[in-house]
Novice: 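Below are the C-alpha coordinates for one structure; questions will follow.
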Amino acid sequence: MGFFKRFIDRATKSKDPNSKRFKWDMARQICGHHVKYVTEEIDGTHEVIGRSGGLNIKDDELLVFASADVLMRCKIEEMQAWELLSKDGVVITAPDLEHGGKVRTVIVHYVYYR
(Lines give C-alpha, C1' and ligand atoms only; values in the text may rest on other atoms or scores of the structure.)
Protein backbone atom coordinates (compact mmCIF):
# COMPACT_ATOMS: atom_id res chain seq x y z
CA MET A 1 0.00 0.00 0.00
CA GLY A 2 2.96 2.35 0.57
CA PHE A 3 3.80 2.39 -3.15
CA PHE A 4 0.37 3.70 -4.09
CA LYS A 5 0.44 6.39 -1.41
CA ARG A 6 3.83 7.64 -2.66
CA PHE A 7 2.58 7.55 -6.26
CA ILE A 8 -0.55 9.56 -5.40
CA ASP A 9 1.46 12.03 -3.29
CA ARG A 10 3.87 12.66 -6.18
CA ALA A 11 1.07 12.93 -8.72
CA THR A 12 -0.91 15.45 -6.63
CA LYS A 13 2.01 17.45 -5.22
CA SER A 14 1.87 21.13 -6.13
CA LYS A 15 4.56 22.31 -8.51
CA ASP A 16 3.93 26.05 -8.07
CA PRO A 17 6.54 27.30 -5.54
CA ASN A 18 4.33 30.30 -4.69
CA SER A 19 1.27 28.25 -3.70
CA LYS A 20 0.32 27.63 -0.09
CA ARG A 21 0.18 23.88 -0.72
CA PHE A 22 3.75 23.77 -2.07
CA LYS A 23 5.05 25.74 0.91
CA TRP A 24 3.28 23.47 3.41
CA ASP A 25 4.47 20.34 1.57
CA MET A 26 8.05 21.64 1.65
CA ALA A 27 7.80 22.53 5.35
CA ARG A 28 6.52 19.03 6.18
CA GLN A 29 9.27 17.49 4.04
CA ILE A 30 12.13 19.32 5.79
CA CYS A 31 10.61 19.25 9.29
CA GLY A 32 12.32 16.82 11.62
CA HIS A 33 15.71 16.85 9.92
CA HIS A 34 18.68 17.14 12.24
CA VAL A 35 20.84 20.17 11.53
CA LYS A 36 24.61 19.94 11.25
CA TYR A 37 25.11 23.67 10.78
CA VAL A 38 23.36 26.81 9.46
CA THR A 39 25.01 29.48 7.30
CA GLU A 40 23.99 32.96 6.22
CA GLU A 41 25.60 35.30 3.71
CA ILE A 42 26.98 38.26 5.64
CA ASP A 43 29.05 40.90 3.82
CA GLY A 44 29.56 38.64 0.79
CA THR A 45 30.79 35.58 2.70
CA HIS A 46 28.88 32.60 4.06
CA GLU A 47 29.30 32.50 7.82
CA VAL A 48 28.22 29.72 10.16
CA ILE A 49 25.58 31.15 12.51
CA GLY A 50 24.64 27.94 14.32
CA ARG A 51 25.46 24.26 14.81
CA SER A 52 23.65 21.13 15.94
CA GLY A 53 19.90 21.61 15.97
CA GLY A 54 16.71 20.85 14.09
CA LEU A 55 13.83 22.08 11.94
CA ASN A 56 10.36 22.16 13.51
CA ILE A 57 6.82 23.30 12.74
CA LYS A 58 4.87 25.09 15.47
CA ASP A 59 1.33 26.15 14.54
CA ASP A 60 1.82 27.97 11.20
CA GLU A 61 5.52 28.76 11.66
CA LEU A 62 8.77 27.03 10.71
CA LEU A 63 11.55 27.23 13.29
CA VAL A 64 15.25 26.76 12.59
CA PHE A 65 16.81 25.80 15.91
CA ALA A 66 20.60 25.49 16.38
CA SER A 67 23.25 26.32 18.99
CA ALA A 68 20.55 26.27 21.71
CA ASP A 69 18.77 29.22 20.07
CA VAL A 70 16.04 29.91 17.52
CA LEU A 71 18.01 31.22 14.54
CA MET A 72 14.99 31.84 12.33
CA ARG A 73 11.22 31.79 12.82
CA CYS A 74 8.96 32.43 9.85
CA LYS A 75 5.39 31.98 8.66
CA ILE A 76 5.24 28.95 6.37
CA GLU A 77 2.99 30.72 3.88
CA GLU A 78 5.51 33.59 3.53
CA MET A 79 8.65 31.50 3.05
CA GLN A 80 10.47 30.41 -0.08
CA ALA A 81 12.31 27.13 0.42
CA TRP A 82 14.13 24.72 -1.86
CA GLU A 83 16.39 21.76 -1.20
CA LEU A 84 20.00 21.68 -2.28
CA LEU A 85 20.64 19.47 -5.32
CA SER A 86 22.56 17.07 -3.11
CA LYS A 87 19.49 16.76 -0.82
CA ASP A 88 21.88 17.47 2.09
CA GLY A 89 20.21 20.73 3.06
CA VAL A 90 17.68 23.44 2.35
CA VAL A 91 17.73 27.16 1.53
CA ILE A 92 15.06 29.21 3.29
CA THR A 93 14.22 32.84 2.47
CA ALA A 94 11.54 34.59 4.53
CA PRO A 95 10.77 37.49 6.84
CA ASP A 96 12.33 36.42 10.15
CA LEU A 97 9.89 36.99 13.01
CA GLU A 98 12.64 36.28 15.54
CA HIS A 99 14.69 39.25 14.30
CA GLY A 100 12.09 41.96 13.71
CA GLY A 101 10.67 40.79 10.37
CA LYS A 102 13.88 41.33 8.40
CA VAL A 103 13.99 39.19 5.23
CA ARG A 104 16.83 36.68 5.61
CA THR A 105 18.20 33.77 3.63
CA VAL A 106 19.74 30.89 5.56
CA ILE A 107 21.20 27.62 4.31
CA VAL A 108 20.53 24.69 6.61
CA HIS A 109 22.86 21.69 6.21
CA TYR A 110 21.51 18.35 7.44
CA VAL A 111 23.39 15.77 9.49
CA TYR A 112 24.39 12.94 7.16
CA TYR A 113 23.44 9.47 8.33
CA ARG A 114 24.37 6.26 6.50
Novice: Please determine which of Ile92, Thr93, Ile49 meets the side chain to side chain contact (heavy atoms under 4.5 Å, CB included) test together with Arg104.
Specialist: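 Among Ile92, Thr93, Ile49, the one meeting side chain to side chain contact (heavy atoms under 4.5 Å, CB included) with Arg104 is Ile49.
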Novice: Do you reckon Ile57 sits in the same ILVMFWY cluster as Val38, going by side-chain contacts under 4.5 Å, direct or chained?
Specialist: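 As far as the 4.5 Å side-chain criterion goes, Val38 and Ile57 are connected within one cluster.
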Novice: If you compare all heavy atoms of Trp82 against all heavy atoms of Val90, which two are closest, and at what distance to 0.1 Å?
Specialist: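 So the two residues come closest at O-CG2, 3.3 Å.
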Novice: Any sub-3.5 Å donor-acceptor pair from Lys23's side-chain atoms to Ile76's backbone N or O?
Specialist: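 Judged by distance alone, no pair lies under 3.5 Å.
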Novice: Test of understanding: clusters of I, L, V, M, F, W, Y form through side-chain heavy atoms closer than 4.5 Å, transitively. Do Leu63 and Tyr110 belong to the same one?
Specialist: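 In one cluster: no.
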Novice: Let me check something: do Ile107 and Val70 share a hydrophobic cluster, defined by ILVMFWY side-chain heavy atoms less than 4.5 Å apart, either directly or through other members?
Specialist: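 No.
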Novice: Hey, does the side chain of Asp69 reach the backbone of Leu71 with a donor-acceptor pair shorter than 3.5 angstrom?
Specialist: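 No, the answer is negative, given that no donor and acceptor are paired below the 3.5 Å cut-off.
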Novice: Treating Asp96 as the side-chain partner and Arg73 as the backbone partner, does any N or O pair qualify as donor plus acceptor under 3.5 Å?
Specialist: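 Looks like yes, one N/O pair under 3.5 Å.
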Novice: Is any side-chain heavy atom of Ile30 closer than 4.5 Å to one of Leu62?
Specialist: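 Yes; the side chains approach each other to less than 4.5 Å.
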Novice: Are Glu83 and Gln29 side-chain neighbours, meaning at least one heavy-atom pair lies under 4.5 Å?
Specialist: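 In short, these two side chains touch, coming nearer than 4.5 Å.
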Novice: Is there side-chain contact between Leu55 and Val64, with heavy atoms separated by less than 4.5 Å?
Specialist: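 The answer is yes; the side chains approach within 4.5 Å.
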Novice: Enter the distance from Asp60:CG to Lys58:NZ here, rounded to the nearest 0.5 Å.
Specialist: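 It is 11.0 Å, given to the nearest 0.5 Å.
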Novice: For residues Met79 and Val35: do they belong to one hydrophobic cluster (side chain heavy atoms under 4.5 Å, members Ile, Leu, Val, Met, Phe, Trp, Tyr)?
Specialist: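 Met79 clusters together with Val35.
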Novice: Can you find a heavy atom in the side chain of His109 that is under 4.5 Å from one in the side chain of Leu84?
Specialist: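 Of all side-chain heavy-atom pairs linking Leu84 with His109, at least one is under 4.5 Å.
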